[in-house]
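The structure under discussion appears below in the form of structure tokens.
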Amino acid sequence: QTQTYTGYMKHIIISDVHDNLESLVALVDNTRSLDGVGKICLGDVVGGSLVGSNPDLGLNANTVIELLLAEGFVTVRGNHDLFHIRELPTHQFYKKYPADYFSVSGNDRPNIPVWSFRDERSINLNMQSNCFLKDAPEFRIIEDTLFSHFLYPDLTGAIILNKKMLEIFLQMHFLFMDINNCDTSFIGHLHVETPIIISNKRSNNQQRLRVNDVIYFDQGVKHIILCPALSDAENLFKYVFYDREKRSVKFSTLHQLPK
């Protein structure tokens, strides 16, 4: 089921939570006063690389999912989510995944350009968390808006990408939007510093949002919005506010306090 009805025209959009409970709680607390707003998570709810990560990675996965459920977040799967429920992506750019891909160690997995998860910390998901991630689709459509972790045909961000492939995937994603009658699409995965809007018609087709910028979309033009991860070293949380009725987006953050 990819066609989703939220009942809202306005949405808070986050991505790449990676078990960060502190940032998710701060986001929920700081946006609770917004009435009539839906909430969307673009995947990678759990997991992440241990290299350079916060030491609590993997310890709060179940609590993070409990909070997403309690707050009514509409969610799609990311590549790390799939790894922790041991499922291969439905939409695969490479068709070479062996059936036992997750049953062998990271170093023994086949040498194909996909995420190997060699430095991923093991997570003990409870039944509720496991079902939550298994039930999440790889993309959702709300009216004329497409939400996914990454670009078609790699909607979960499973492969290791280069710049040339990114350009090709952007064009393929615009075609995927056409097929599904979508004018706007939101993706995560790339951990961009600030949101980037890419259109299919402008000569200068990329626009980067600054904090508190509000951008209105042109009628008849398709847009892909690259959304930042929930948090980084300088910001406790980041999110994109999407008004579907006004066809606008706004970028908001809360700066990280010194510890």
Side-chain angles (χ1 to χ4, degrees), residues 1-48 59-82 84-85 87 123 125-150 155-157 180 182 184-189 195 225 227-231 235-254:
Q1 179 70 29
T2 56
Q3 185 69 47
T4 303
Y5 176 72
T6 65
Y8 298 107
M9 295 297 290
K10 300 174 182 178
H11 293 88
I12 290 168
I13 302 170
I14 63 172
S15 188
D16 297 271
V17 179
H18 294 295
D19 299 335
N20 194 325
L21 181 61
E22 179 187 14
S23 292
L24 185 60
V25 168
L27 171 91
V28 168
D29 288 345
N30 280 268
T31 58
R32 201 178 295 281
S33 61
L34 298 176
D35 294 327
V37 174
K39 298 170 184 174
I40 295 172
C41 177
L42 299 176
D44 274 3
V45 174
V46 301
L59 302 181
N60 297 313
N62 293 314
T63 310
V64 162
I65 290 174
E66 284 179 13
L67 184 54
L68 291 177
L69 281 165
E71 293 296 319
F73 273 87
V74 172
T75 305
V76 295
R77 299 171 165 191
N79 54 319
H80 290 277
D81 303 323
L82 286 176
H84 288 288
I85 57 173
E87 287 192 10
I123 295 175
L125 293 175
N126 61 29
M127 184 178 294
Q128 175 179 255
S129 298
N130 197 62
C131 290
F132 175 81
L133 295 177
K134 283 182 176 292
D135 288 343
E138 292 189 358
F139 70 97
R140 291 184 186 269
I141 296 172
I142 300 176
E143 298 294 335
D144 60 354
T145 307
L146 173 68
F147 300 91
S148 58
H149 186 60
F150 196 48
L155 291 170
T156 58
N180 288 281
C182 292
T184 310
S185 175
F186 291 86
I187 69 164
H189 185 56
I225 299 88
C227 298
L230 175 63
S231 66
N235 296 278
L236 185 57
F237 63 74
K238 301 179 181 183
Y239 70 91
V240 174
F241 186 83
Y242 174 45
D243 188 325
R244 194 158 52 83
E245 184 176 24
K246 294 181 179 178
R247 287 179 55 79
S248 68
V249 291
K250 179 181 178 180
F251 175 43
S252 295
T253 70
L254 178 65

> Roughly how far, to the nearest 0.5 Å, is CG of Leu133 from NE2 of His84?
Replying inline: 9.5 Å

> What distance separates Phe139 CZ from Leu42 CG, expressed to the nearest 0.5 Å?
Replying inline: 14.0 Å

> According to the interplanar angle, ranging from 0 to 90°, do the rings of His11 and Phe147 count as parallel (below 30°), tilted (30 to 60°) or perpendicular (above 60°)?
Replying inline: tilted

>> Suppose we screen for side chain to side chain contact (heavy atoms under 4.5 Å, CB included). Which residues come up paired with Ser252, at least two apart in sequence or across chains?
In response: Asn212, Tyr239, Lys250

> What are the two closest heavy atoms between Pro137 and Thr75, and how far apart are they?
Replying inline: CD-O, 3.7 Å

>> On a heavy-atom basis, which atom in Ser148 and which in Glu138 lie closest, and how many Å separate them?
In response: CB-O, 3.7 Å

> Just by distance, do the side chain of Asp16 and the backbone of His189 share a donor-acceptor pair under 3.5 Å?
Replying inline: yes

> Do Ser15 and His149 have side-chain heavy atoms sitting under 4.5 Å apart?
Replying inline: yes

> For Lys134, does the NZ atom sit with more than 12 other heavy atoms under 6.0 Å from it, leaving out its own atoms?
Replying inline: yes

>> Once rounded to the nearest 0.5 Å, what's the spacing between atom CD1 of Ile142 and atom CZ of Phe186?
In response: 10.0 Å

> Side chain of Asn20, backbone of Ser23: donor and acceptor closer than 3.5 Å?
Replying inline: yes

>> I'd like to know whether Tyr242 forms a side-chain contact (heavy atoms from CB on, under 4.5 Å) with Thr184, so could you lay out the CA-CA distance, the side-chain angles of the two residues, the decisive distance to 0.1 Å, and finally the verdict.
In response: CA-CA 10 Å; Tyr242 174 45; Thr184 310; 4.0 Å; yes

> Hey, what do you get for CZ (Phe237) to OG1 (Thr253), rounding to the nearest 0.5 Å?
Replying inline: 7.5 Å

> What are the two closest non-hydrogen atoms of Ala26 and Asn30, and how far apart are they?
Replying inline: O-ND2, 2.7 Å

> Under 3.5 Å, side chain of Asp243 to main-chain N/O of Lys10, donor-acceptor pair present?
Replying inline: no

> Got a second to check how far Gln128's CD is from Glu66's CD, nearest 0.5 Å?
Replying inline: 5.5 Å

> Would you say Phe241 and Val37 make side-chain contact, with heavy atoms under 4.5 Å?
Replying inline: yes

> Where do Arg244 and Tyr8 come nearest, in terms of heavy atoms and distance?
Replying inline: NH2-O, 3.3 Å

> Considering only heavy atoms from C-beta outward, does the side chain of Glu22 approach that of Leu236 to under 4.5 Å?
Replying inline: yes

> Does anything in residues 71-80 pair up under salt bridge (Lys or Arg N to Asp or Glu O under 4.0 Å), and if so which pairs, sequence neighbours excluded?
Replying inline: Arg32-Glu71, Lys39-Glu71, Arg77-Glu87

>> Can you give me the closest heavy-atom contact between Cys227 and Val240, atom names plus distance?
In response: SG-CG2, 4.0 Å

>> Please evaluate residues Ile14 and Leu27 with respect to the criterion side-chain contact (heavy atoms from CB on, under 4.5 Å), reporting the C-alpha separation (whole Å), side-chain torsions for both, the decisive distance (0.1 Å), and the verdict.
In response: CA-CA 9 Å; Ile14 63 172; Leu27 171 91; 3.7 Å; yes

> Is it true that a side-chain atom of Asp81 and a backbone atom of Asp44 form a donor plus acceptor pair closer than 3.5 Å?
Replying inline: yes

> Are the side chain of Asn62 and the backbone of Asn126 linked by a donor-acceptor contact shorter than 3.5 Å?
Replying inline: yes

> For the residue pair Asp19 and Asn60, what are the closest heavy atoms and their distance?
Replying inline: O-CB, 3.8 Å

> Can you find a pair of side-chain heavy atoms, one from Pro195 and one from Val249, that are under 4.5 Å apart?
Replying inline: no

>> To the nearest 0.5 Å, what is the distance between CD1 on Ile123 and CG on Leu59?
In response: 8.5 Å

>> Run Leu24 and Leu68 through side-chain contact (heavy atoms from CB on, under 4.5 Å) and show every step you take.
In response: CA-CA 9 Å; Leu24 185 60; Leu68 291 177; 3.9 Å; yes

